[in-house]
Amino acid sequence: MKPAAAPVPTDPAGLAAWSAVAGRLTGSTMGDVLRWGAGDAINFAGGFPDERLFPVEAVRTATDTVLTRHGNKVLQYGSAAGEPWVREAVTEHLLRRGVTTDAGSILLTSGGQQAIDLVTRLYVDPGDTVVTTSPTYFAALELFEAAGARVSTVRLDERGIDPEELDRALRQPRAKLLYLVTDHQNPMGVNIPSGQRPLIAEMLRRHACHLIEDDVFADIRFVRPAAPIQPFAPERVSYVTSFSKALSPGMRAGVLVAPKDVLQKAASLRENVDVCPNTLTQSVVGELLGSGVFHRLLPPLCAAYLERRDAMLDALTRHLEGRAHWTEASGGFFTWVTLGTPTDPERLLQSAVREGVVFLSGSRFRRGGGAELPELRLTFARLEPREIEEGIGRLGQCVKALMEKDDGARVAEAPVRGRK
Ligand SMILES: Cc1ncc(COP(=O)(O)O)c(C=O)c1O
């Protein structure tokens, strides 16, 4: 006898079974950025390093060295925190930056993003509040929201934050976690001023709050930054950094420095997620740090990005002077542009896309009410100076056309209002 055919499901697959987290996942800005990065538009949108600047030969040599020196071991599973000799090399690197750490306080992660995720999951239950700046890094915002957090923001500008506003935000009953990008911030390119850092550390203690200090752009700097917040309150800070920007995001080499109890729990959590850091790429990073090659790569790399930052500032002056103002990045990859009149940034994006230019609208980086004037995050990292000049030239034309159209519409409306 033939077995009975399996019943055909009448329910659409999965719909009845989604968890609350899955229900909250509705696409991500990172997905858009990756898709746009694939086209041939002049791309001011993605915060990627330029692959033309990747140290391919140095990575090849270091890979060879670790395979020769450590043999099969670098292809095996490793410890959840990362190999001790790599953590030693990372410790030396971070001590130079002013971070308080030792190899026992470090967990190597799959990029800075995983470190942010692990710490968020250790502190945040649905309904808890995460305090951050407005604007801030979109993928952190989306991660907090996916965890069910309420996001509460304090203003950030070239002068940093308003300490009193932050104090009020941290006083909220379920404000457990603060998230800050201290240096060369994504998206504004600005820093939390050195004078505000000890004040923030003191507030963490007073409000029993934990800080995720995101410092993934630390190595790409045009001026010497102040010491991080972490040394002012190491017991209350999870310091996150990464080799994505100065070495390679494809290697997924991130670092979490945290108090011992946080680190132990983060290691247990990561064992359930991806078991251990990538043994091969963390060894390559360890070798590049230990041999001094990594630090020798930094000055020419920073000089290349500085040239692009300057090309961006010059192009903005040439094509948008009088119509917008912008930040001057102290490091990292971004310039934040605020237009002078209330034009719809989505309309601007549509006309820019028609001209072969993409950028990210500032609203992606804000929560709890947007800005009054339209804002754009422009990345200068992945473009040569002549591409930046060409792209900003086209963008400038789009802004001009849109503003003239809006002005025209306002003039046309004026007599109607006058007759009322
Ligand atoms: C502020 C900030 N934090 C974290 C990350 C994540 O970087 P990683 O590639 O190390 O995961 C990024 C990436 O763009 C970022 O801009």
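Throughout, residue positions are numbered sequentially from 1 according to the sequence presented. Whatever order the structure lists ligands and atoms in, that order sets their numbers, starting from 1. Just the heavy atoms: all of them, side chains too, but no hydrogens, waters or symmetry mates, feed the values below. Since we're looking at a predicted model, the values are computed, not measured.
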Mode of P249 contact toward ligand 1 - side chain, backbone, both, neither (heavy atoms, under 4.0 Å)
neither

Between Y77 and V275, which heavy-atom pair has the shortest distance, and what is it?
CD2-CG1, 4.0 Å

Of the listed options K245, Q113, M251, closest to atom 13 (C) of ligand 1 (non-hydrogen atoms)
K245

Please identify which atoms of ligand 1 are closer than 4.0 Å to at least one heavy atom of R252.
8 (P), 9 (O), 11 (O)

Just jot down the ligand 1 atoms closer than 4.0 angstrom to any heavy atom of D214, in number order.
1 (C), 2 (C), 3 (N), 4 (C)

Of all heavy-atom pairs between I106 and L263, which one has the smallest distance, and what is that distance?
N-CD2, 3.5 Å

Under 4.0 Å, heavy atoms only, figure out whether ligand 1 is touched by the backbone of F217, its side chain, both or neither.
side chain

So is there a nitrogen or oxygen of S110 less than 3.5 Å from a nitrogen or oxygen in ligand 1?
no

Output yes when the distance from some N or O of ligand 1 to some N or O of N186 is under 3.5 Å, and no in every other case.
yes

When you compare ligand 1 with G112, is there at least one nitrogen or oxygen pair between them that comes in under 3.5 angstrom?
yes

Taking a cutoff of less than 4.0 Å between a non-hydrogen atom of the residue and any ligand atom, is Q114 in contact with ligand 1?
no

Shortest reach to atom 10 (O) of ligand 1 by a heavy atom, considering only A253, S242, P187:
S242

Does F380 form a ring-ring contact (aromatic ring centres under 6.0 Å, His included) with Y305? I'd like the steps, not just the answer.
CA-CA 8 Å; F380 48 79; Y305 285 122; 7.5 Å; no

Would Q185 count as a contact of ligand 1 if the rule is a heavy atom under 4.0 Å away?
no

Could you tell me which residues satisfy ring pair (Phe, Tyr, Trp, His ring centres under 6.0 Å) with Y123, sequence neighbours excluded, listed by chain and number?
H210

Between the side chains of R367 and T153, does any donor sit under 3.5 Å from an acceptor?
no

Under 3.5 Å, which donor-acceptor pairs do the side chains of residues 329-340 form with other protein atoms, sequence neighbours left out?
| from | atom 1 | to | atom 2 | distance (Å) |
| --- | --- | --- | --- | --- |
| S330 | OG | H184 | ND1 | 2.9 |
| S330 | OG | N191 | OD1 | 3.0 |
| S330 | OG | N191 | ND2 | 3.1 |

Are E390 and P385 close enough that some pair of their side-chain heavy atoms sits under 4.5 Å apart?
no

Do E83 and H70 get their side chains close enough for a donor-acceptor pair, meaning under 3.5 Å?
no

